[in-house]
Amino acid sequence: MTLILAAVPFVSLTAVVAKGAAQGKAPVVQRVVRALPLVAVILFLAVAWHPLLNNVRLVYLADHLGVHTTLCWLFARTLLPGRTPLCTEFASWVHEDMTSPQLLWYTRQVTKAWALFFSLTVLTSVVLFALAEFTTWIAFTTMVGPALTACFFLIENLCRSRFLPPKDRVGLAGTWRAVQARTQHKAPTPTSNEVRHEC
């Protein structure tokens with residue numbers, strides 16, 4: 001079961017990549033292109049199944065790399081020309097007016113920062129797994145990594161007061177109400193006292 005869970009991020013990632021590569025092509029070609037990466041992953045798992053089962057550490061590594069590689073890709077792909085940065089998309093859930101140059105610039109930079117953060121997490125994980133004791137790698141993936149993610153999130157929140165004007169800052173209450181409204185397909189209605197420094 002652990003091996004199957006470790007493969008889920010890679011399967012999901014290749015499926016999304018295939019879907020993007022198939023856009024604009026003939027229906028038959030679309031089906032083939034979308035299927036190839038998934039078939040490749042299944043074949044890889046079929047070949048690597050027993051070696052991975054015989055080395056549980058590799059399964060844990062695949063699980064950690066799969067999750068963080070997927071997160072990195074989700075942020076990085078939205079930085080391509082013609083696409084909306086992921087953090088800009090998130091901000092549009094909260095802000096009715098997304099014409100502010102500062103807000104657009106800031107959310108793009110934050111998207112870059114998160115993509116870089118997750119890529120460095122993947123690199124650090126590989127280096128520690130290859131060169132350090134396994135207990136050191138475990139400590140990084142279970143304690144240090146999550147703590148760094150939380151710190152990065154807090155630092156990013158503090159940066160908003162430095163780079164964004166007050167009108168572009170929405171508090172936690174306003175953000176939460178906007179996310180709820182988004183999931184319920186309603187227009188967010190933050191109150192005036194919720195427009196303050198974002199936490």
Side-chain angles (χ1 to χ4, degrees), residues 8-24 34 37 62-128 140-141 144-188 190 194-199:
V8 168
F10 294 105
V11 173
S12 301
L13 181 60
T14 53
V16 174
V17 171
K19 181 179 179 181
Q23 290 180 351
R34 290 176 180 174
D63 183 36
H64 187 258
L65 295 184
V67 170
H68 289 83
T69 300
T70 301
L71 288 171
C72 176
W73 180 79
L74 287 174
F75 280 90
R77 74 186 183 94
T78 63
L79 295 169
L80 296 174
R83 299 197 176 189
T84 301
L86 189 57
C87 291
T88 304
E89 176 66 25
F90 291 156
S92 70
W93 297 7
V94 180
H95 300 273
E96 294 182 2
D97 182 11
M98 287 296 295
T99 60
S100 167
Q102 288 173 291
L103 183 59
L104 293 174
W105 174 84
Y106 179 77
T107 53
R108 184 174 185 82
Q109 304 314 308
V110 172
T111 304
K112 290 180 181 178
W114 278 111
L116 178 61
F117 175 81
F118 288 123
S119 67
L120 290 176
T121 299
V122 169
L123 178 61
T124 303
S125 179
V126 172
V127 170
L128 289 178
F140 172 75
T141 58
V144 178
L148 288 175
T149 303
C151 288
F152 191 88
F153 179 79
L154 292 175
I155 292 171
E156 186 275 313
N157 274 261
L158 292 175
C159 287
R160 297 177 193 180
S161 61
R162 170 68 176 82
F163 295 104
L164 290 178
K167 69 181 182 66
D168 288 332
R169 304 176 203 155
V170 179
L172 280 178
T175 300
W176 177 247
R177 289 163 63 92
V179 171
Q180 284 186 314
R182 175 78 176 191
T183 57
Q184 297 171 5
H185 304 289
K186 298 178 181 178
E194 290 172 342
V195 180
R196 61 186 185 275
H197 171 63
E198 248 179 307
C199 300

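Values reported hereafter were calculated over all heavy atoms of this structure, with side chains retained and with hydrogens, waters and symmetry mates removed. None of the values given here were measured: they were computed from a predicted structure.
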- prompt: For the residue pair Met98 and Leu104, what are the closest heavy atoms and their distance?
  reply: O-CD2, 3.4 Å
query: If we only count heavy atoms from C-beta on, is the Trp114 to Phe152 side-chain gap below 4.5 Å?
result: yes
message: Is there a side-chain contact (heavy atoms from CB on, under 4.5 Å) between Thr149 and Phe117? Walk through the geometry before answering.
response: CA-CA 8 Å; Thr149 303; Phe117 175 81; 3.5 Å; yes
- request: Of all the heavy-atom pairs spanning Thr84 and Thr78, show the shortest one and how long it is.
  value: O-CB, 3.2 Å
- request: Heavy atoms only: give me the nearest Phe140-Thr121 pair and the separation to one decimal.
  value: CE2-O, 3.9 Å
- request: Scan side-chain atoms only and decide if His64 and Ser125 contain a donor-acceptor pair under the 3.5 Å cut-off.
  value: yes
statement: Ser119 meets the side chain to side chain contact (heavy atoms under 4.5 Å, CB included) criterion, sequence neighbours left out, with Cys72, Leu116
query: So how far is it from His68 NE2 to Asp63 CG, rounded to the nearest 0.5 Å?
result: 9.5 Å
message: Below 30° counts as parallel, above 60° as perpendicular, anything between as tilted: where do the rings of Phe75 and Phe90 land?
response: perpendicular
- prompt: With Thr107, which residues qualify under side-chain hydrogen bond (donor to acceptor under 3.5 Å, both in side chains), at least two apart?
  reply: Thr88
- prompt: With sequence neighbours excluded, what pairs up with Pro101 under the side chain to side chain contact (heavy atoms under 4.5 Å, CB included) test?
  reply: none
pair Ser100-Tyr106: side-chain heavy atoms closer than 4.5 Å: no
query: Short question: side chain of Thr69, backbone of Gly66 - any donor-acceptor pair under 3.5 Å?
result: no
Rounded distance [0.5 Å steps], CG in Leu86 versus CD in Glu89: 7.5 Å
message: Minimum heavy-atom separation for Pro85 and Thr111, please, with both atom names.
response: CB-OG1, 3.5 Å
